[in-house]
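This report refers to the structure that appears directly beneath it.
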Amino acid sequence: MRKLFHLTLTAALLYALTCFLNACSEEADCSMTNNRGMIVCNLYHIDPSTNVVQNDTLDSLTVTAAGTDSIIINRMGEVKNFSLPLRYTEDSTQFIFHYTGHMTDTVVVRHTNKPYFVSMDCGYQMQQSITTLRYTRRNLDSIYIANPEASIDGTENLKLFY
């Protein structure tokens, strides 16, 4: 009788452990898919005496999304790099860069939006890729596309030259 009790208890514990492990393994981890891909911009300038590319810093930068009241970056100081979101519903996103002294530059990023299915639990995610750029040159000199794919891993996408 005592052996039957231990056998039953052991079976019950194994069953409970199996249910617990299965419940944990079936739980969806959507943390990586719920993050929104961003384009990472780093600032540079070319030293005129040596023609060497060097990192640059802006004293202050505010970035707004044109056609909306959204402020993406608000008076960020000592700017060396920043990240920007792309629109899901349009094939272009227009940013206005506000510098000190009421000077602005406008950057229009044309991009593709390709939804892809992640899983039943996590749904869809958007793959975005930069196709072309247009920009004004009031304070900004040029922009180079280093990597066209927006991502969540902090990979540099745009090199902004001032």
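Since this is a predicted model, take the numbers as computed values, not measurements. Hydrogens, waters and symmetry mates are skipped; everything else that's a heavy atom, side chains included, is used.
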Looking only at heavy atoms, the pair that brings Arg87 and Thr93 closest together is N-OG1, 3.0 Å
Quick one: does Asp91's side chain have a donor or acceptor within less than 3.5 Å of a partner on Arg110's backbone? no
At their closest point, which heavy atom of Tyr116 faces which heavy atom of Gln127, and how far apart are they? CE2-CG, 3.7 Å
Checking side-chain contact (heavy atoms from CB on, under 4.5 Å) for the pair Lys80/Thr57: CA distance, chi angles, key distance, verdict? CA-CA 5 Å; Lys80 297 176 191 286; Thr57 303; 3.4 Å; yes
Can you find a heavy atom in the side chain of Ile145 that is under 4.5 Å from one in the side chain of Leu158? yes
For the pair Val79 and Ile73, evaluate side-chain contact (heavy atoms from CB on, under 4.5 Å) and give the outcome as yes or no after the intermediate values. CA-CA 11 Å; Val79 182; Ile73 297 171; 5.9 Å; no
Side chains of Thr62 and Arg75: does their closest heavy-atom pair fall under 4.5 Å? yes
If you look at every heavy atom in Ala66 and Ile96, which pair is closest and at what distance? CB-CD1, 4.0 Å
Cluster link Leu133 to Leu61, ILVMFWY, side chain under 4.5 Å: yes
Does the pair Glu156 and Asn147 meet the rule for a side-chain contact (heavy atoms from CB on, under 4.5 Å), with working shown? CA-CA 7 Å; Glu156 179 183 44; Asn147 179 10; over 6 Å; no
Identify the two heavy atoms, one from Ser92 and one from Val108, that lie closest to each other, and give their separation to 0.1 Å. CB-CG1, 4.4 Å
Treating Ile, Leu, Val, Met, Phe, Trp and Tyr as nodes and any side-chain heavy-atom pair under 4.5 angstrom as an edge, say whether Ile130 and Met126 lie in one connected cluster. no
Any chance you could lay out the side-chain contact (heavy atoms from CB on, under 4.5 Å) test for Ser142 and Tyr135, step after step, and finish with the verdict? CA-CA 8 Å; Ser142 60; Tyr135 49 92; 3.8 Å; yes
Among Asp56, Val53, Ile143, Leu140, side-chain contact (heavy atoms from CB on, under 4.5 Å) partner for Phe161: Val53
Atom pair OG1/CZ of Thr104 and Phe95 - distance to nearest 0.5 Å: 15.0 Å
Nearest 0.5 Å please: distance from the CZ atom of Arg36 over to the CD atom of Gln125. 10.0 Å
Is it true that Arg137 and Asp105 make a salt bridge, defined as a side-chain N closer than 4.0 Å to a carboxylate O? no
Just wondering, do Asn42 and Asn55 contact through their side chains at under 4.5 Å, heavy atoms? no
Can you get from Met103 to Met76 by hopping between Ile, Leu, Val, Met, Phe, Trp and Tyr side chains that sit under 4.5 Å apart? yes
Evaluate the ring planes of Tyr99 and Phe97, with Trp represented by its six-membered ring, and classify them as parallel (under 30°), tilted (30 to 60°) or perpendicular (over 60°). perpendicular
State the CG-NZ distance between Asn81 and Lys159, to the nearest 0.5 angstrom. 12.0 Å
Can you see whether Asp153 engages Thr155 through a side-chain donor-acceptor pair at a distance of less than 3.5 angstrom? yes
Identify the heavy atoms of Ile39 and Ala150 that sit nearest to each other, and give their distance. CG2-CB, 4.0 Å
Tell me if the CG atom of Asp59 is crowded by more than 12 foreign heavy atoms within 6.0 Å. no
Could you grab the distance from atom OG1 of Thr100 to atom CG of Leu58, nearest 0.5 Å is fine? 8.5 Å
Any chain of hydrophobic side-chain contacts (each under 4.5 Å) joining Tyr162 to Val40? no
What one should report as the nearest heavy-atom pair of Asn157 and Pro148 is ND2-C, 4.3 Å
Going hydrophobic residue to hydrophobic residue with side-chain gaps under 4.5 angstrom, can you get from Leu86 over to Leu84? yes
Atom CD of Gln128 and atom OG1 of Thr112: how far apart are they, to the nearest 0.5 Å? 8.0 Å
